[in-house]
Amino acid sequence: MDKAFTSIDEAVADIPDGASIVIGGFFTAGTPYQLIRALARHKAKNLTIMVQSFGPGNEDISQLVLQGQVKKAICNYPFYRSATRGARSAFERAVRSGKVEVEVYPMGTFIEKLRAGGAGLAAFYTPTGVGTVAERGKEKRTFNGRDYLLELAFRPDYALVHAGYGDRMGNLICRKTARNYTPDMAAAARITIASVEELVEPGELDPDKIHVPGIYVQRVVEVERLHYIPTIE
Amino acid sequence: MDKAFTSIDEAVADIPDGASIVIGGFFTAGTPYQLIRALARHKAKNLTIMVQSFGPGNEDISQLVLQGQVKKAICNYPFYRSATRGARSAFERAVRSGKVEVEVYPMGTFIEKLRAGGAGLAAFYTPTGVGTVAERGKEKRTFNGRDYLLELAFRPDYALVHAGYGDRMGNLICRKTARNYTPDMAAAARITIASVEELVEPGELDPDKIHVPGIYVQRVVEVERLHYIPTIE
Amino acid sequence: MAQQQKQQKKLEGLSRELIALRIANELEDGTYVNLGIGIPTLVSNWIEGRDIVLQAEIGMLNTGPLARESEVDQDLINASCQPVTELPGCCYFSDCESFAMIRGGYMDAAVLGALQVSEQGDLAGWNNPERGFPEHIGNIGGSMDLAVGAKKVIVAMTHVTTSGEPKIVKKCAYPITAERVVKLIVTDLAVIEVTDKGLVLKEVAPGLTAEDIQSVTEPRLNIAPDLKEIQL
Amino acid sequence: MAQQQKQQKKLEGLSRELIALRIANELEDGTYVNLGIGIPTLVSNWIEGRDIVLQAEIGMLNTGPLARESEVDQDLINASCQPVTELPGCCYFSDCESFAMIRGGYMDAAVLGALQVSEQGDLAGWNNPERGFPEHIGNIGGSMDLAVGAKKVIVAMTHVTTSGEPKIVKKCAYPITAERVVKLIVTDLAVIEVTDKGLVLKEVAPGLTAEDIQSVTEPRLNIAPDLKEIQL
């Protein structure tokens, strides 16, 4: 099984209009910048984008918003922390004007919904969000005297993820806190496209250290490591 | 935080009568033989033991059954595959005579119930077991046209697990298929006791390779590696 | 009964190894496959060098052949508790992740043994009540998860019991593993597809006729227009 | 209002750094702690060398001090998006595992910022409606999980808003993060415990009286019999 693509544009070429896409990464750690840019060049429209944030570290996503590719955003920390900085963001303007619909989940629920999807479970009961606006429209149920909310699994069409190392069979090893959403997003999506900084032959990665089993990754493409300094303006 | 114990007997000394205990391992891979033997020496009674099997690879558990320490067994593959071999097993005799109560779950449900417990979730809906005897007494619910069973999380009092490598803070690295139940059992239990073949100082294990974060392990004890040849008589 | 036993003797079919070979031919390149205990395990002998990745539900992808004596590692076994080896590109993960993967639909095929298969594709394989335990107590293991999770469930079994009773039945008498999941049944005597319109006999063992197969099969078989000898 | 502003000027209290120090003193050795964004992050400056393990919800245990310029690694950041370092015994895991850990009750304490805290211990910290989004849209991040999952929630905040309004209130006006979770409030002016019987004023900043604190606190404060100056 050789899942390697040489062209990043070919790797995203079949993403249709209306697709749901989850995008890994947390600020400078593990964000698949080049795949996001390829998606902007590809120009698929009416996309549902599930990503931690449209704020810092994901400036490349702005292009998707500016080009009108995003119909709906599912996030856990959608905006810049700074209201001033946020006011200048294309995403916040699109949300205010109603051009982009937003859904927000607590971070743990956000990723657990994807984990459930990848794991073939339909739903789960979490204590997070009880008594808050996050419980709107959700079933609340008591187990052993404590209240929980029913959250449904989510199975996106595509995942765009990034890892430090990958082999041609799709096995991935992440670096430090860049692991974050990558394993569970890869498992949740029907087609996972991974950019890796070093693509090696099967057998070169330590099988006890693999963070994303290759079965979850359908396409892998080698990209240059982009260098960022993690500071928030 | 130094969680190292020098005496394996001291590591299990506070397990009270009536405790629920999950035990890791799958046949010769990752079974905490020495901790099971320590539990037999400790002689706590009325135990609920959750373990893959009371069959091959877990012969050391027989002693717990013979000594009448086990009240209830929760397994996914409780018996020897061979009926003849099974008929000679202390566990099967105890089950037939009603001395030990048995509960059986599909393997995926068995470990997912523990995962849910450790993850603070109350319950989940799984498609496994629908239409079978495994659905008895369980809520069945349809999501997107497919039936699922509600399974409740399980949070045992103790976990006994084994790993190849561990540090004094409780971080564990498992070898190959010996990983199996260890990470999720460690997370599920309130007190996890780990035996390791090599105990090192914090900082000696590769932080990207750790399979069980130390936060899940309350006690760690170094033991000799016992050598087994995986063959079923 | 006497007649049936006579018949059983007459119906000589494939060995366990050849049942496994027939199934290996059914598997497609570029797929992920889980092999259950028993005859299914033998399928691995026939796919060496092919582009098929085997999953071991204990928590491994790209499981290699059985370990030779010098290679045996007690920490490297398959779900049948046999010592195995690594192939390049293998990886390890937890049992919980393994079943997430199985339920999540990542197994293109699962090859499972069975005690009975019904004409609707119900699979009964985990519990032989003759062992004398209550109906809900037995060795489920990973069978129920695999049966509901795999995209294609292939059953590998002998066509009849040791006492000559049909194992392909109208309704399973044994406790079932999953409902309506079996897509293909490969036995020593025949290859039978489970379709919405019932069972379709596709192939028969050398020297056997459709009537022979029907005589040891409880539900009515539809005969494929291109019925042929089992392809090996 | 004019009177309140006058009062606010009078009530000079601890700096952000000293609020963090007071909280550091509250943390016990041998515990696992998560620090939220803002003042809570500063707590890390006061626990160096102590036996306290910090969790970063992005997926790390035993997070070290902020990285100096030469140490910065874009793949090693905390949830406040700051470059950090490793301490011996650190480990990495997925965000999903991180929140499993948080909901699973493994955080002995979480130190969180807040916009408001109610006398029942309700925490409002994730959404400032003044930003003009609908009530259910805002930066939840990990705050709701931490607030329900941690064994002890400690709030670190200024006692009043920049315009002098009390942030400790009878009922939160802002969208809440979680109900009845705050155990201790540490502000620039006071240390207040949330109990079943209401708020208990335990400590006051140097030079302040219980009456001073009550004057900038909406609900009635019970005064601890051993009320003292903030312990630093």
Side-chain angles (χ1 to χ4, degrees), chain A residues 29-30 106-109 111-130 138-155 163-165 171-180 182-184 187 205-213, chain B residues 29-30 106-109 111-130 138-155 163-165 171-180 182-184 187 205-213:
Chain A
M107 198 183 290
T109 303
I111 192 65
E112 190 69 22
K113 285 167 81 77
L114 292 170
R115 195 261 166 192
L121 306 174
F124 58 91
Y125 286 98
T126 178
T128 304
V130 168
K138 284 175 194 153
E139 177 188 313
K140 186 153 68 174
R141 185 161 169 178
T142 307
F143 294 90
N144 292 324
R146 190 175 183 193
D147 286 341
Y148 293 81
L149 302 181
L150 181 69
E151 289 285 354
L152 302 179
F154 188 54
R155 253 206 126 160
Y165 313 92
N171 293 303
L172 305 180
I173 292 179
C174 305
R175 290 190 72 243
K176 304 180 186 280
T177 57
R179 195 183 317 176
N180 58 71
T182 301
D184 298 280
L205 301 179
D206 175 355
D208 268 336
K209 196 181 170 178
I210 286 166
H211 300 133
V212 184
Chain B
M107 198 182 291
T109 303
I111 192 65
E112 190 69 23
K113 284 166 82 78
L114 291 170
R115 194 261 167 193
L121 306 174
F124 58 91
Y125 286 98
T126 178
T128 303
V130 168
K138 284 178 193 151
E139 177 188 311
K140 185 153 69 174
R141 184 160 170 179
T142 307
F143 293 91
N144 294 321
R146 191 177 183 191
D147 287 342
Y148 293 81
L149 302 181
L150 181 70
E151 289 284 354
L152 302 179
F154 187 54
R155 258 211 123 154
Y165 314 93
N171 293 303
L172 305 181
I173 292 180
C174 305
R175 290 190 72 242
K176 304 180 186 282
T177 56
R179 195 182 318 175
N180 58 72
T182 300
D184 298 282
L205 301 179
D206 175 353
D208 268 335
K209 196 180 168 177
I210 286 166
H211 300 132
V212 183

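Below, chains carry the letters A, B, ... as their sequence lines are ordered, and counting in each starts from 1. All figures in this text were calculated on a predicted structure; none of them were measured in a lab. Heavy-atom basis, side chains included; hydrogens, waters and symmetry copies ignored.
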What are the two closest non-hydrogen atoms of [X] and [Y], and how far apart are they?
X	Y	result
B:G120	A:P127	O-CD, 3.2 Å
B:K176	A:D208	N-OD1, 3.1 Å
B:L121	A:Y148	C-CE2, 4.4 Å
B:L150	A:R141	CD2-NH2, 3.4 Å

Exercise for the section: Answer with side chain, backbone, both or neither: which region of A:I210 has an atom nearer than 4.5 Å to a non-hydrogen atom of chain B? Expected result: neither
Handout entry: Which portion of A:R146 sits near chain B, non-hydrogen atoms under 4.5 angstrom
Key = neither
Problem - Toward chain A, the part of B:N144 with a non-hydrogen atom under 4.5 Å - result: neither
Exercise for the section: Considering only heavy atoms and a distance below 4.5 Å, find which of A:R175, A:E112, A:E151 pairs most often with chain B. Expected result: A:E112
